[in-house]
Amino acid sequence: MAKKLQLTLKVWRQPSGKAEGRIETYDAKDIPVTASFLEMLDIVNEGIIADGGEPIAFDHDCREGICGMCSLTINGCPHGPGKGVTTCQVHMRSFQDGDTIWIEPFRADAFPVLKDLMVDRTAFDHIIQAGGFISARTGSAVDANATPIPKPVADAAFDAAACIGCGACVAACKNASAMLFVAAKVEHLGMLPQGKAEKDRRVLSMVRAMDDHGFGNCTNQYECEAVCPKEISATYITKMNRDFAAASVKEAVVTEF
Amino acid sequence: MVSDISKDMPDSKIPSGPIAEKWTKHKMDSRLINPNNKRKYTVLVVGSGLAGASAAATLSELGYKVKCFCYQDSPRRAHSIAAQGGINAAKNYQNDGDSVYRLFYDTVKGGDFRSREANVHRLAECSTEIIDQCVAQGVPFAREYGGLLANRSFGGAQVSRTFYARGQTGQQLLIGAYSALSKQIAAGGVEMYPRTEMLDLVLVDGHAKGIVVRDMVTGRVHSFAGDTVLLATGGYGNVFYLSTNAMGCNVTAAYRAHKRGAYFANPCYTQIHPTCIPVSGAYQSKLTLMSESLRNDGRVWVPKKAGETRRPRDIPEDERDYYLERKYPSFGNLAPRDISSRGAKEVCDEGRGVGDTGLGVYLDFAAAIDRDGEDAIRERYGNLFQMYEQITGENAYQTPMRIFPAVHYTMGGLWVDYNLMSNIPGLHVLGEANFSDHGANRLGASALMQGLADGYFVIPCTIANYLAGETPGTVTTEHEAFKKVEEEVSQRIHQFLNINGNRSVDSFHRELGLMVWDKCGMARDREGLTEALKKIPELREEFWKNVRVPGDNNNVNQELEKAGRVADFLEFAELLCYDARAREESCGGHFRTEYQTEEGEAMRDDENYAYVSAWEHEGVGKEPTLHKENLEFENVKLAVRSYK
C-alpha cells in the first residue's frame, strides 16, 4: 500500500467576501502519497464535516489541468510545486512526511475573495469581452483552407492560445499585472491572418480594460512565466507592447481604423 | 408498462425525401421570424460548453435576446474543454475518398445501428461548415508546412478526417465559441450568468417558459422567464461517481426537465473508455483519460495466474496473458473501445488484475522500445508518458503502464425531435444532453462535432419552428407557476440543510457510483440490474435521513450544491437500470451478458429492439413508462460488427 504522510495545513479561511479572513491550522492525517493535492483537501474536508465544521471552500472542476478553475497558492507559489502544472495536477508525493503546507487563494485586488480559497476572476472575462475575439459571424466563414497559414505562425499562435485563464500569472506578480494573460490572447489572434483586421482595436481596448479592472503594470520580473501552468512565454508581452505602441500612434493620427 | 411501438410517441418530425436532401428541404420548410421581431424573443440557454456557447452566440447574432447560465465561474471552463483528440469533418482535404455520405455511414455503423439516420446525415453535412467557422474565429488547428490544415485518423474510420489542435482540441474549440459568446456579451446581446445553477424547469400551460436557479455566491433562489429554454448541460457520466467528467458535471437540469414531463431516451447507452489511469485508492475523486493512440504501440497483458505478486518485469514471457492479441488476433491491441474495456474487466474479475487495487491491466511498451528505441516512443507519446508519471509517479519507459476502463461519455439523453425540441413544447436540448446522433456508441472525435453542429447550425434554424407560433414575452416571473417552483426549490434546500445526519454527500455519491458501476457498468445482466433496482431506493432513503449538509444558504455552500446533484443522481440511477434491464440485447456501450455470441461478442436483436427507448417519469420510486420510437434504416444496411 502507498506510503502515508502526516501533515500540518495552514489554510486561509474567510466566511464570505465581506468578512475578515485568517489562517487556520488543520492536521492532515494519513494522506496517501498517491493522492492529488485536491484529494488531500477532500480527505481533510471529510474530517471537518464529520466533526461538525464547515469544509474548506475551493474552486476546482476538471481535475486534469485544462479547465483553469483550480487556483491555490501553495507555500507562496500559485499552483504550488512543479513546473507547468495546475493545482489539481500537484500530487502529494511532492511533499515530505511532517511538512507544514500553507494554502492561500490567488491574491490580487482584481480577484476579490468569495469564500475561503475561492476568488472572483470575472475581470478576465471582461477583458476578453473588450476585444479578445475575431468578429466572425456564424455562417460567414470562407473555406477553412482558403487562407494558408505558415506552420511557424500557426505554432506560435497556438503556444499563446494554450492559456487556460487561471490567473496564476496575476497571483504571482508583485504588481498583480495581467499582462501575460492579455498578451497571450492579443498575440494568439493578432498573429493569425484572420485576426489582423481587428488587431489595433483589440490591443488598445484589451489593455485599457485590464487597466480599468485594477491590474498593475509589468516590471519585467517574469514570475508570471515561471508559474504559468501552460508555460506561456513572457516574450508575448514584449510583442504586445510593440503592438500597443503602434496602435496608439495610429490612433493619435487617424480618427478611425 | 410498455406501450406499442410509436403509437403514443410524439412526432420525430423527420423530413420526407431522400436522405441527402432532408436537411436542405427542412431548412426551406422551416418558419422564419422577421429580424425586427427576433429581438422580442428571449431565449434561455443553460450551459456554456460547445453546444451552449455556440448556440447562445449564434442566436444573439441573429437578433434574439439571450440569457446564458453556467455553474462554473466563467463560461470558458465548461467540460467540453477537456476533449483531447479532435473533431471529425467530411472535408476530404486528404483526397482519400471521404464524403458526407461516408461520415454519415461510419457514424451510423459506429453507433451500432441505434441512431436516427436523418439526424446523423445532417450532422455529417454540418461538419464541414464547423471547420470553416472555427478557423475564421482563430482556432489554431494543426497545419502542414504548406500552411494547409492537417488531418489524422481516428477509430471507426478508414479515412483521415479528424482535425486537431495538439492534444487540446476541445479547449481550442471552446475558446473559439467562448470568444464568439464574449463578443455578443459585449454587444449587449447576451446576458451571462456564471456561478448560477439551474435547479428546475418552469412550465406554463405545458410549455417550457422559464427556469429556477440558485446564485451560487449569495444562495439566492430566483427565476428567469423566456420564450423558450435550451438545455446544453452535458452528460450524466458522474452517476458512476468516478468518471473522466469534471467534478461538477451533473444530470440535474436534464433530470428536472424529465420530472416535469420530458422523455429521457436510451440512458443505458454509456461509453466506457479502455485507457484511463486506474483508481489508486478510496479517496480517488476522478479518472484521467490517456489517449487511445497509445494502443498503437503498447501491448496489453496481465499475469496468467491470479494473485501474482512479482513486479511486471520479473514475470517471464510464458507466464503472461496478452489477452487481446489472444482473443482478437487480427485487431489485437487495437480492438474497439467497448471490447477492450470488457476484456480488462473479465481478467480483473478472474483475480488477475494488477496494481494495489487489482483493478488494472498492463500496457507495456517494452517491445516497442526494443524495436524502435526509446527516443522514437518519446517522440510519439512523450507528453502522455509525462502525464502518467505526474499522476502515478512511475516511469512508463521502464515499467509497464497500468490502465483500466472508465466512464467517459453518455450517448443517452433527453429525447428530441428533428428540431432538437423535446416532447415538452419550447424545451430544446443540445449536445451531449440529448440522445439523437450517436446511437449506442459514439465514435472518437464526434462529440465536438455534434455539440457545435447543434449550436452553430441546427438550432439557429429550427428554433423558429417553435417561436414563430408563440407571442413573445407573454410570460413573466410574476406568473404563479414561477412562485410555485421557486417555493419547491427553496423547500428542498431547506430540507437538505436540516437533515443533520452522519454521512457526507460524497460518501453517498461514492456508494451509489460503485453500485451502478458494478451492476450497470461494462457488463450487465438481469439479475444484477434487478438487485440494483432494489438497493438504489434503499440508499436514497438513507440519504434523505442521514446526509449531513453543513452551512447555510446565504453564501457559497459547495456541500449544498453537491447534495442537490447527488439527490438527483440517486433517482436517475434507477432510470438507468430500468432502461438497461428492459433492453434485452447487447449493442454498443450496452452489454448484457445474457446476449452474447459463443465468442463473447455483443449480440444485437434488430428484430425486437431497433427502437429508441423514451422513458416517461411516473413519480419517484415508481417504474417509468416506456415509449418506443421505431428506427428506420433506409440507407445503411443493418450488419454485425466483427473484429476478429
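These numbers come from the heavy atoms of this one structure, side chains and all, not from hydrogens, waters or symmetry mates. Below, read A as the first sequence line, B as the second, and so on, with proteins coming before strands; counting in each chain starts at 1.
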| query | Tell me, side chain or backbone of Thr147(A) under 4.5 Å from chain B's heavy atoms, or both, or neither? | reply | backbone
| field | Which atom of Gln171(B) lies closest to which atom of Ile66(A), heavy atoms considered | value | OE1-CD1, 3.7 Å
| query | Quick one: do Lys286(B) and Asp61(A) make a salt bridge, cutoff under 4.0 Å? | reply | no
| Heavy-atom pair count under 4.5 Å with chain A, highest-scoring of Gln168(B), Gln558(B), Gln184(B), Glu144(B) | Gln558(B)
| query | Which atoms of Val85(A) come close to chain B, meaning under 4.5 Å heavy atom to heavy atom: side chain ones, backbone ones, both, or neither? | reply | side chain
| query | Quick one: do the Tyr93(B) and Asp143(A) side chains pair a donor with an acceptor below 3.5 Å? | reply | yes
| request: Determine whether the side chains of Thr34(A) and Tyr283(B) contain a donor N or O and an acceptor N or O closer than 3.5 Å. | output: yes
| request: Please state whether the side chain, the backbone, both or neither of Ile164(A) comes within less than 4.5 Å of a heavy atom of chain B. | output: both
| field | Minimal non-hydrogen separation, Arg77(B) against Cys67(A), with atom names | value | NH1-O, 3.0 Å
| Quick one: what part of Asp42(A) sits under 4.5 Å from any heavy atom of chain B, side chain, backbone, both or neither? | side chain
| message | Please give me the minimum heavy-atom distance between Gly53(A) and Pro550(B), naming the atom from each residue. | response | O-CB, 3.6 Å
| task | Look at atom NZ of Lys29(A) and say whether more than 12 heavy atoms of other residues, nucleotides or ligands are closer to it than 6.0 Å. | result | no
| Would you say Ser135(A) and Lys183(B) make side-chain contact, with heavy atoms under 4.5 Å? | yes
| field | Which atom of Gly132(A) lies closest to which atom of Ser179(B), heavy atoms considered | value | O-CB, 3.5 Å
| task | Examine whether an atom of Gln84(B) lies under 4.5 Å from a heavy atom of chain A, and if so say whether it belongs to the side chain, the backbone or both; otherwise answer neither. | result | side chain
| field | Donor on one side chain, acceptor on other, Ser504(B) and Glu46(A), under 3.5 Å | value | yes
| message | Distance alone, cut at 3.5 Å: any donor-acceptor contact between the side chains of Ser285(B) and Glu39(A)? | response | yes
| Thinking salt bridges, do Asp159(A) and Arg166(B) make one under a 4.0 Å N-O criterion? | yes
| request: Verify the distance criterion only: is there a donor paired with an acceptor across the side chains of Asp125(A) and Ser74(B) at less than 3.5 Å? | output: yes
| request: Let me know if Arg63(A) has heavy atoms under 4.5 Å from chain B in its side chain, its backbone, both or neither. | output: both
| said: Shorter than 4.5 Å, heavy atoms on both sides: which option in Tyr145(B), Tyr456(B), Tyr71(B) has the most such pairs with chain A? | reply: Tyr145(B)
| message | How about NZ on Lys18(A), more than 12 heavy atoms from neighbouring residues, nucleotides or ligands closer than 6.0 Å, or not? | response | no
| Least distance between heavy atoms, Met118(A) atom then Val556(B) atom | SD-CG1, 3.6 Å
| With only heavy atoms counted, which part of Ile391(B) is less than 4.5 Å from chain A, the side chain, the backbone, both or neither? | both
| task | Measure distances from Leu192(A) to the heavy atoms of chain B and classify the residue's part below 4.5 Å as side chain, backbone, both or neither. | result | side chain
| query | How about His91(A) and Gln390(B): do any of their side-chain heavy atoms sit closer than 4.5 Å? | reply | no
| Tell me, side chain or backbone of Asp155(A) under 4.5 Å from chain B's heavy atoms, or both, or neither? | both
| Is there a side-chain contact between Pro55(A) and Glu559(B) (heavy atoms, below 4.5 Å)? | yes
| query | For Thr138(A), does its backbone N or O pair with a side-chain atom of Glu61(B) as donor and acceptor, under 3.5 Å? | reply | yes
| Part of Ile149(A) lying under 4.5 Å from any heavy atom of chain B | both
